[in-house]
4 protein chains.
Amino acid sequence: MASSSRSAGRRDDLLSAAVRVFARKGYHTCRVSDIADEAGVSHGLVYHYFASKDEVLETIFRENWGPIGEAILQIGGTDDSAAEQLRKVASLVLHAWRRDPETVRVLVREISRSPVLQERIGEFQTAFDALEAMIERGQERGELDAALDPRFATYAMWGMLDEVLTGWVLGRLPGADDDVDRAEATVTAMLRRALGPGVA
Amino acid sequence: MASSSRSAGRRDDLLSAAVRVFARKGYHTCRVSDIADEAGVSHGLVYHYFASKDEVLETIFRENWGPIGEAILQIGGTDDSAAEQLRKVASLVLHAWRRDPETVRVLVREISRSPVLQERIGEFQTAFDALEAMIERGQERGELDAALDPRFATYAMWGMLDEVLTGWVLGRLPGADDDVDRAEATVTAMLRRALGPGVA
Amino acid sequence: MASSSRSAGRRDDLLSAAVRVFARKGYHTCRVSDIADEAGVSHGLVYHYFASKDEVLETIFRENWGPIGEAILQIGGTDDSAAEQLRKVASLVLHAWRRDPETVRVLVREISRSPVLQERIGEFQTAFDALEAMIERGQERGELDAALDPRFATYAMWGMLDEVLTGWVLGRLPGADDDVDRAEATVTAMLRRALGPGVA
Amino acid sequence: MASSSRSAGRRDDLLSAAVRVFARKGYHTCRVSDIADEAGVSHGLVYHYFASKDEVLETIFRENWGPIGEAILQIGGTDDSAAEQLRKVASLVLHAWRRDPETVRVLVREISRSPVLQERIGEFQTAFDALEAMIERGQERGELDAALDPRFATYAMWGMLDEVLTGWVLGRLPGADDDVDRAEATVTAMLRRALGPGVA
DNA sequence: GATGAATGAGATTTCATTCAT
DNA sequence: AATGAATGAAATCTCATTCAT
């Protein structure tokens with residue numbers, strides 16, 4: 001029982017092993033056998049579940065960007081105020097990151113590996129578009145500062161969150177529980193004021 | 001004389017050729033002979049000036065992050081208000097894209113190649129430290145919100161700038177002259193309010 | 001079963017192929033693919049079993065000097081007279097040429113390739129130490145001339161044997177069966193008198 | 001004056017630098033620039049005095065084996081007893097080695113590098129032949145043990161001297177003045193008895 | 001005489017991928 | 001499902017040699 005339900009998880013074991021290795025060493029720098037070693041299997045088995053090293057990365061993109069985009073879309077579809085929507089998105093993303101910062105690092109950093117990949121991963125663009133639309137609606141309703149360019153504001157917001165995560169993943173920022181609380185407080189305060197309505 | 005001043009530039013010829021090739025194809029995707037071809041010399045000559053392909057990239061990082069760190073240090077040493085200092089840093093970083101997009105592309109895209117590399121580039125850390133010191137002084141003078149953790153605020157600020165550059169590098173954000181101006185206005189406004197003194 | 005015992009020999013196939021190629025062309029003159037060709041495999045497989053070309057040579061040294069040192073130790077542990085022990089060592093070393101001339105050729109010719117290598121091969125030093133201990137015990141029992149410095153005597157004795165092997169390896173000395181017998185007789189006689197008790 | 005008489009010595013500076021480097025690292029392991037560095041000049045200058053790296057080694061052989069062979073020939077041509085002739089040869093060689101052990105190491109070890117080289121260096125064979133002829137005449141006159149094969153005895157004698165020198169060059173044998181005296185005493189005593197007339 | 005930039009043939013090494021077991 | 005031996009294309013790197021200055 002355990003073994004058959006476990007074996008169904010082999011593919012996921014490999015994916016999460018790949019995420020850890022990609023986050024630590026980068027896609028190009030790691031070898032297929034690094035992924036296998038991290039998962040505790042032979043490198044040949046990687047090819048039982050994936051056609052190539054490339055497909056491993058592509059799968060990580062596809063399976064992770066999808067849910068993020070959908071969640072943002074759903075939040076944007078509620079009747080909440082723009083401020084509350086942004087708070088929810090920030091909370092969603094930050095908590096997703098607290099749970100799994102390595103995945104986020106890979107999603108954000110390795111997307112630039114190949115233009116081909118970016119075009120194939122429509123899920124990625126969807127998430128950004130949803131966030132931008134949310135900000136634009138907030139501006140139209142006068143709840144967010146209309147003087148800000150929504151596109152650049154989206155990227156800037158995303159960058160704030162990403163850079164802190166990168167600092168944690170690479171061990172350059174302290175990541176104990178209270179450090180994470182302080183980071184969240186700092187970043188959410190910054191976000192709220194950065195995007196909020198202009199000074200009256 | 002002309003020839004001696006020209007031959008003195010061979011090393012720099014190779015570095016700028018490497019920047020162009022890295023920007024076009026990426027560090028991992030290009031070969032040493034691509035760099036040599038771009039510079040119009042044999043691949044062996046690369047090894048006359050640099051110990052390895054890695055050292056070429058490391059040199060590019062070192063020689064470009066140095067001036068950035070110095071510029072931030074210098075801005076932080078003026079009598080300008082904290083808000084003005086932050087604006088100048090944002091302007092410096094964002095306009096680098098227009099001045100030398102290929103170098104920015106390499107600095108942004110390849111810095112995450114390997115954490116090992118980042119640790120070896122002291123100039124990189126210097127720039128971050130200078131930025132953090134600037135924010136701390138602003139807090140001490142009551143011009144910036146002392147409730148924010150200066151370390152995380154530094155990373156968040158850097159992330160805003162970096163993500164916009166990344167958007168340009170990857171062609172996902174429009175990067176013409178007026179786009180850059182609008183990006184600067186947006187990011188500067190966000191920064192001023194995100195970091196500014198707390199609401200009384 | 002046959003196949004598993006055969007595949008277990010791949011590493012040894014490569015080692016003996018390397019011995020043949022090193023003996024024929026010399027370590028520096030041959031390429032890794034020469035070894036692979038001689039073994040009938042691709043050159044990549046060499047790196048499956050050995051970390052580098054250097055490690056192949058190092059392994060040949062280690063795995064051949066080991067038995068030689070053990071044999072000398074064993075001879076020194078018998079109740080034979082010192083003269084008989086010396087004769088047995090000379091016979092062992094000189095007959096190795098007939099048994100496996102290619103290995104002897106490599107051991108003799110390439111050992112001087114680099115002092116670094118010799119220091120790394122502890123088995124090499126072990127053989128020398130065993131020989132020196134044998135001579136010292138002979139002196140203590142009054143069977144060998146105690147006036148001789150045992151260290152230098154060890155080197156001189158080894159040199160006699162090594163130079164004859166070198167002569168065979170380089171084709172400057174005749175090496176047929178009866179030549180080897182004559183060499184053994186000559187060297188043994190020289191050794192017995194050179195190291196024997198001083199004239200009363 | 002000094003400079004012109006000095007500059008005539010540049011070629012010899014390079015040769016003796018090459019001897020030191022070859023002795024230390026071996027011919028194949030060292031680079032042309034190692035020779036130049038050892039001599040304190042640029043590597044290009046090596047090609048002003050020698051046509052190739054190979055020619056440097058060949059020159060060392062030719063210029064050093066010649067005098068040795070001649071000296072042995074001359075000693076063999078005197079009316080001295082065989083024992084005295086052997087003593088003189090041993091003394092000549094040992095003292096030559098004491099003066100310049102590195103040259104001897106190169107002469108002996110690198111001769112095996114290439115069969116082509118050995119055939120071209122007739123001077124090398126001349127020295128060995130002269131030594132063998134000397135031993136044969138000693139046997140004919142009843143002054144040396146006629147039971148010994150003269151060819152193998154020549155090689156064995158040579159090997160004794162060479163191995164001690166090798167120990168010194170590689171730092172595996174102590175080489176202070178009194179060590180050298182003890183080595184000479186040990187080796188000459190061994191030689192005298194090893195080659196002397198058989199026990200009556 | 002002297003330098004060292006420049007070349008390029010050729011070597012070692014890496015590693016994604018295949019496939020027999 | 002799982003292993004790991006085996007392949008080979010393609011990359012990095014070395015270094016003897018040339019030659020303009």
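All of these numbers come straight from a predicted model, not from anything done at the bench. Computed over heavy atoms, backbone and side chain alike; hydrogens, waters and symmetry mates excluded. A, B, ... follow the sequence lines: proteins, then strands. Residue 1 opens every chain.
D/F50 contributes atom CZ, which lies 7.0 Å from atom CD of D/E55 (distance to the nearest 0.5 angstrom).
Ring planes of C/F124 and C/W65: perpendicular class, angle over 60° (limits at 30 and 60°). Using a 30° and 60° split on the angle between ring planes, A/H28 and B/H28 fall in the parallel class, below 30°.
Distance D/I35 CD1 to F/dA16 C1': 11 Å, rounded to the nearest Å. The nearest whole Å value for the distance from the OH atom in C/Y49 to the P atom in E/dC15 is 19 Å. One can place CG of B/D13 at 14 Å from P of E/dA5, the figure rounded to the nearest angstrom. Across the protein-nucleic acid pair, B/D37 atom CG and E/dG8 atom C1' stand 13 Å apart, rounded to whole Å. Separating the CG atom of A/L14 from the P atom of F/dA1 is a distance of 12 Å, rounded to the nearest angstrom. Rounded to an integer number of Å, the gap from A/F50 CZ to E/dT17 P is 13 Å.
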query = How does DNA chain E look in dot-bracket notation if pairs are Watson-Crick or G-U with both distances under 3.5 Å, crossing ones as [ ], other-strand ones as |?
reply = .||||||||||||||||||||
remark   = Expected string for nucleotides 8-14 of chain F under the B/S/- scheme (protein heavy atoms, under 4.0 Å, primed atoms plus P, OP1, OP2 as sugar-phosphate) is BB-SSBB
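Contact check, A/H48 against F/dA1: a side-chain N or O comes under 4.0 Å of OP1 or OP2. Residue C/R10 has no polar side-chain atom (N or O) positioned under 4.0 Å from OP1 or OP2 of F/dA5.
Judged by a 6.0 Å distance limit and a 45° cone about the ring axis, D/K53 is not positioned over the six-membered ring of D/Y47.
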request  = Given side-chain hydrogen bond (donor to acceptor under 3.5 Å, both in side chains), test D/Y49 with D/D12 step by step and report yes or no.
outcome  = CA-CA 10 Å; D/Y49 291 101; D/D12 291 341; over 6 Å; no
task = Step by step, work out the salt bridge (Lys or Arg N to Asp or Glu O under 4.0 Å) result for B/R11 and B/E63.
result = CA-CA 13 Å; B/R11 196 191 92 113; B/E63 299 195 354; 2.3 Å; yes
ask   = Going through the distances and angles, do C/F22 and C/V56 end up as a side chain to side chain contact (heavy atoms under 4.5 Å, CB included)?
value = CA-CA 10 Å; C/F22 291 166; C/V56 175; 4.2 Å; yes
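Between A/K25 and A/E110 there is no salt bridge, since none of the side-chain N atoms of the basic residue sits less than 4.0 Å from a carboxylate O of the acidic one.
For residues 37-49 of chain B, the set of pairs meeting the salt bridge (Lys or Arg N to Asp or Glu O under 4.0 Å) definition, not counting sequence neighbours, comprises B/R20-B/E38, B/R24-B/E38.
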